[in-house]
Amino acid sequence: MEKITKIVEVGITGNRAFSKFLNDLNEWWPKEYTWSQDKLKEIRIEGKEDGLCTEIGPHGFRCDWGRVTEFIESRKIAIKWQIGPKREPVPNPEKASDVEIVFKENGNSATTVKIEHGNFKNHGDGWEAYLKIMDSEQGWDYILDSFRKYCEQ
């Protein structure tokens, strides 16, 4: 298996879930999962194809951690995940994995958010351990739970 699939249901409409995921990333993304941690100023995904995924830390320090490869308003965001197995930035997109986030409205103000994270082999040495970490409770499960809790506030 070289792909992780994680699903979470949030109790809001698809449009709201998509907007909160994209526009409120700074509010819900776990600070401990950033380079700047508690000094984080901003983390964001630019909502357009070829948009940058960026973290801004103290003193204007900026680190690009991905690039949007597909963007369908209110439905899908796909990115090159340019964070390596040792949590280091990966400037070369050919050595990055791929993350796809899909939002499917279930009616009654509920939305399923599905994340697929694949192509871990692109990261080279250590990719198997990286996949295991991202597939664990401390990986995408934790990140998606943070998003679910934010949506339920």
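Atoms CD1 and CD, from Ile72 and Glu49 in turn, are 9.0 Å apart once rounded to the nearest 0.5 Å. For the atom pair Arg16 CZ and Ser109 OG, the distance stands at 8.5 Å (nearest 0.5 Å). Separating the CG atom in Asp141 from the CD1 atom in Ile115 is a distance of 10.0 Å, to the nearest 0.5 Å. Residue Asp24 holds its CG atom at 14.0 Å from CH2 of Trp29, rounded to the nearest 0.5 Å. Annotation: the span from Ile143 atom CD1 to Tyr33 atom OH amounts to 6.0 Å, rounded to 0.5 Å. One distance of note links NZ of Lys41 with NE2 of His59; it measures 8.0 Å at 0.5 Å rounding.
Side-chain contact check for Met134 versus Trp81: some heavy-atom pair is nearer than 4.5 Å. Side-chain atoms of Lys20 and Trp28, non-hydrogen and from C-beta on, never get closer than 4.5 Å to each other. Here the side chains of Ile83 and Trp35 are in contact, with some heavy-atom distance below 4.5 Å. Inter-residue side-chain proximity for Trp140 and Val8 is flagged as unmet; no heavy-atom pair is nearer than 4.5 Å. For the pair Asn122/Ser97, no side-chain contact is recorded, criterion being any heavy-atom separation below 4.5 Å from C-beta on. You'll find the side chain of Ile133 stays beyond 4.5 Å of the side chain of Gln138, heavy atoms only. Using a 4.5 Å cut-off on side-chain heavy atoms (C-beta onward), Glu105 and Thr13 make contact. Between Phe18 and Ile77, some side-chain heavy-atom pair lies under the 4.5 Å cut-off.
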Determine, stepwise, if the pair Lys48 / Val68 fulfils side chain to side chain contact (heavy atoms under 4.5 Å, CB included).
CA-CA 7 Å; Lys48 63 180 185 175; Val68 177; over 6 Å; no
Stepwise side chain to side chain contact (heavy atoms under 4.5 Å, CB included) check, Asn26 with Leu40:
CA-CA 9 Å; Asn26 207 56; Leu40 179 71; 3.9 Å; yes
Worked check of side chain to side chain contact (heavy atoms under 4.5 Å, CB included) between Lys80 and Asp98:
CA-CA 5 Å; Lys80 278 289 181 188; Asp98 296 289; 3.0 Å; yes
Take Glu152 and Val10, measure what side chain to side chain contact (heavy atoms under 4.5 Å, CB included) needs, and give me the verdict at the end.
CA-CA 7 Å; Glu152 291 176 357; Val10 295; over 6 Å; no
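Counting only distance, with no hydrogens or angles, the side chain of Glu94 and the backbone of Asn92 share no donor-acceptor pair below 3.5 Å. Remark: the backbone N or O of Ala78 is paired with a side-chain donor or acceptor of Thr69 at under 3.5 angstrom. Between the side chain of Glu2 and the backbone N or O of Phe120 there is at least one donor-acceptor pair closer than 3.5 Å. Under a 3.5 Å cut-off, the side chain of Glu55 and the backbone N or O of Thr34 do not form any donor-acceptor pair. The closest donor-acceptor contact from the side chain of Lys149 to the backbone of Leu144 lies at 3.5 Å or more, if one exists at all. With Trp127 contributing its side chain and Asn119 its backbone, the two residues share no donor-acceptor pair below 3.5 Å.
Salt bridge status for Arg62 with Asp64: present, with a side-chain N to carboxylate O gap under 4.0 Å.
Follow the hydrophobic side-chain contacts under 4.5 Å out from Val102 and you never reach Val99; the two are in separate clusters. Placement of Phe147 and Leu25 within a single hydrophobic cluster is found when ILVMFWY residues are connected by side-chain heavy-atom separations under 4.5 Å, directly or transitively. Under the 4.5 Å side-chain heavy-atom criterion for grouping Ile, Leu, Val, Met, Phe, Trp and Tyr, Leu52 is not connected to Ile56 through any hydrophobic cluster. Linking ILVMFWY residues whenever their side-chain heavy atoms come closer than 4.5 Å, directly or via other members, places Tyr142 and Phe21 in the same cluster. Ile43 is not connected to Val90 by any chain of hydrophobic side-chain contacts under 4.5 Å among Ile, Leu, Val, Met, Phe, Trp and Tyr, and they are in different clusters.
Between Lys3 and Leu131, the shortest heavy-atom distance links the atoms N-CD1, 4.1 Å. The heavy-atom pair separating Asn106 from Thr111 by the smallest distance is ND2-C, 3.9 Å. The shortest heavy-atom contact between Gly57 and Ser36 is CA-OG, 3.1 Å. Closest approach of Gln37 to Arg87, counting heavy atoms only: NE2-NH2, 4.1 Å. Nearest heavy atoms, Gln82 versus Ala96: CG-CB, 3.5 Å.
Atom NZ of Lys31 is surrounded by more than 12 heavy atoms from other residues, nucleotides or ligands within 6.0 Å. Counting non-hydrogen atoms of other residues, nucleotides and ligands closer than 6.0 Å to NZ of Lys6 gives a total above 12. Taking a 6.0 Å sphere around CZ of Arg148, one finds it holds more than 12 heavy atoms contributed by other residues, nucleotides or ligands.
In summary, the side chains of Thr54 and Glu46 do not present any donor paired with an acceptor at a separation below 3.5 Å, with no hydrogens or angles considered.
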